[in-house]
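Encoded as C-alpha cells, the structure appears first; notes follow it.
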Amino acid sequence: MGHTSRREFLRQGSLGTAGFLFASGLLNSSFAGTLSPRVPAALGGSPLWADSHWIKWPMWVQAEDEKVLMDSVRSGVWSRAKLVDEFESKWAEAIGTKRCLTVVNGTNALITAINQLDIGAGDEVITTPYTFIASVQAILANNAMPVFADIDPATYQIDPAKLESKITKRTKAILVVHILGLPADMDRIMSIAQKHNLAVIEDACQAHLAEYDGKKVGSIGKAGCFSFQNSKNLPIGEGGAIVSNDERFIDNCFAAHNLGYAYGTSTGAVAGDSFMRASKIRLTEYQAAIGLAQLKRVEEQTNTRHENAAYLSSMLKDIDGVRPIKLYDKVTRGAYHLYSFRYHPESFKGLSRQKFLEALRKEGLPCSGGYKVMHTQEFMRNTFASRVYKSFYSKKMLDFEDYKQRNSCPENEALCKDAVWLTQNVLLGSRKDMEGIADAVRNISRNADKI
Ligand SMILES: *Cc1c(COP(=O)(O)O)cnc(C)c1O
C-alpha cells in the first residue's frame, strides 16, 4: 500500500508546478489549496506518504561509514585515544571555537560546564521553561536553583524582555537554550549578561551548526553544550561536547571528565596526581568513529533542513489557524532539530490539536505536540525537599506553591497546548514533500468538520 500511495502522490504532478509558481510568488494559497480535492487519510483516503518514505534516523551509509568504525573496533583501542581527539578538533573547527571536549552525553556536558563555572548550591541560573528536561536537571545536579523567564511566543525562545527582572543577587548564569535548533536572541541576552556580570552557557544540544549573525551557536557564550544522542542532528547514540574559547575552562572540564587528572594526562594513567574532585565521563573510540562518519553529513543536511523549513513556512503562513515558528532577524541559519508551528483549533472548526495530529499521522507524517509544562513536576518538588536544598535555600524559596507562582510562564503554557512538531528527518525530504505537508494541512482544514 505504501508504494501505491507514494506513486499516487507523485502523480499529482500539478503540485510541482504549483510549488514552483508558489515559490516565485505567483500563486496565493487559495489557488494552491484547490489542488487537492483528495479525501484526507483521516476520512479513509489513501495516505500521502508511506511510513518508509522518510529518511531513517540515524543514517548509516555502510560503504562510507563502516571502515573507521570497524578499524577502531578491531584495533582493541576502545578507550579515549586519537579518534576522540580527532573528533574534538573537528567539532571545535566546525563551531569556530578554540577547543572542544567530548563527554558521555549532552546532559553531562551541561552539568560539567555549569560546575566548572563554579555555579552550585545557593546560586540561581535563569533559563527557559520551553526545553528538554535535561537543561533543568543539569542545574539541579549542581544543587543550583533554576529560575524561569517566559518565552517569546513567535520564536519559542527565552524572551530577553522577561529575563532581566528575574536577576537577583544570587543569579550566576543564564542557561540559554536554542530550542528546536533555532538560535535565541543572543545580542540582547549577551548584553544583559554583560551588564550584570553573568556567565552565559548555551544549551545547543538541538542546534548543531545553527548560526546567529554568521556565528555558530555554542561559540557565543562562555560555553556551548552539544548532544549527540540518537535523535539529534549529529547522532552517535549517546555522546556530548562542551566547546569554548577559554582554554583554561576547557582544561578544567577535561580534568572534571577524567577523575581530576590534568589536561594532557594519558587516559590510561592509573597513578597520576589528581587535582580536583571529578567524575569520569569519557567518550569511547568507537563512538568517536561513528561521530566522524556523521560529521561529514551535518553541513549539507543542515542547509537542506533550513531551506525546506523556509519553503514550508512560506506556504503554511497563509493557512488560517496555522502560525509557523519565526526566526530572529539575525539568524543566518536554523538547525531545525524540529520544525514547529502553532495550531489554533478555532480556525479548524474546533478540531482539537490531538485530532489534528492524528489526521496528519494518518497521512504518514511523523508529528507530535511537543513539550509539556515541565518545571512544575514532581522532580522539582522532591529536589526542594532534599537535605542539600534545605541547607542552602530559605523556606520561602523552597515553598513549592510559591515557587510555581514566581516562575509561572503563561506564554510557555499556551505554547505547550498548541505547538505541533515535525521531526527533523521530515525536513530532509524533497520540496514536493514540503508542498505535500502544506496540502495535507489545508485538506484537513477544509474537512475539519467531518474529522
Ligand atoms: C538532548 C538535549 C539535552 C541532553 O542531551 P543528552 O545527550 O540526551 O543527554 C539537553 N538539552 C536539550 C535542549 C536537548 O534537546
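All ligand and atom numbering here is 1-based and tracks the order in the structure. Only this structure's heavy atoms are used, side chains among them; waters, hydrogens and symmetry mates stay out.
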Cut-off 3.5 Å, no hydrogens considered: what does the side-chain donor-acceptor table look like for residues 136-146, sequence neighbours left out?
| unit_1 | atom_1 | unit_2 | atom_2 | d |
| --- | --- | --- | --- | --- |
| Asn142 | OD1 | Asn115 | ND2 | 3.3 |
| Asn142 | ND2 | Ile111 | O | 3.2 |
| Asn142 | ND2 | Ala138 | O | 3.0 |

Close side-chain approach of Arg80 to Glu88, heavy-atom, < 4.5 Å: yes

Pairing of Arg361 and Glu358 as salt bridge, 4.0 angstrom limit: no

Electrostatic pair Asp65-Arg297, nearest N-O below 4.0 angstrom: yes

Residue contacts for ligand 1, heavy atom to ligand atom, distance under 4.0 Å: Asn105, Gly106, Thr107, Leu110, Thr131, Phe132, Ala134, Ser135, Val177, Asp203, Cys205, Gln206, Ser227, Gln229, Lys232, Gly239

Residue pairs fulfilling salt bridge (charged side-chain N to carboxylate O under 4.0 Å, His left out) with at least one residue in residues 335-348, sequence neighbours excluded: Arg342-Asp418

Inter- and intrachain pairs under salt bridge (charged side-chain N to carboxylate O under 4.0 Å, His left out), touching residues 91-119, at least two apart: Arg99-Glu247, Arg99-Asp251

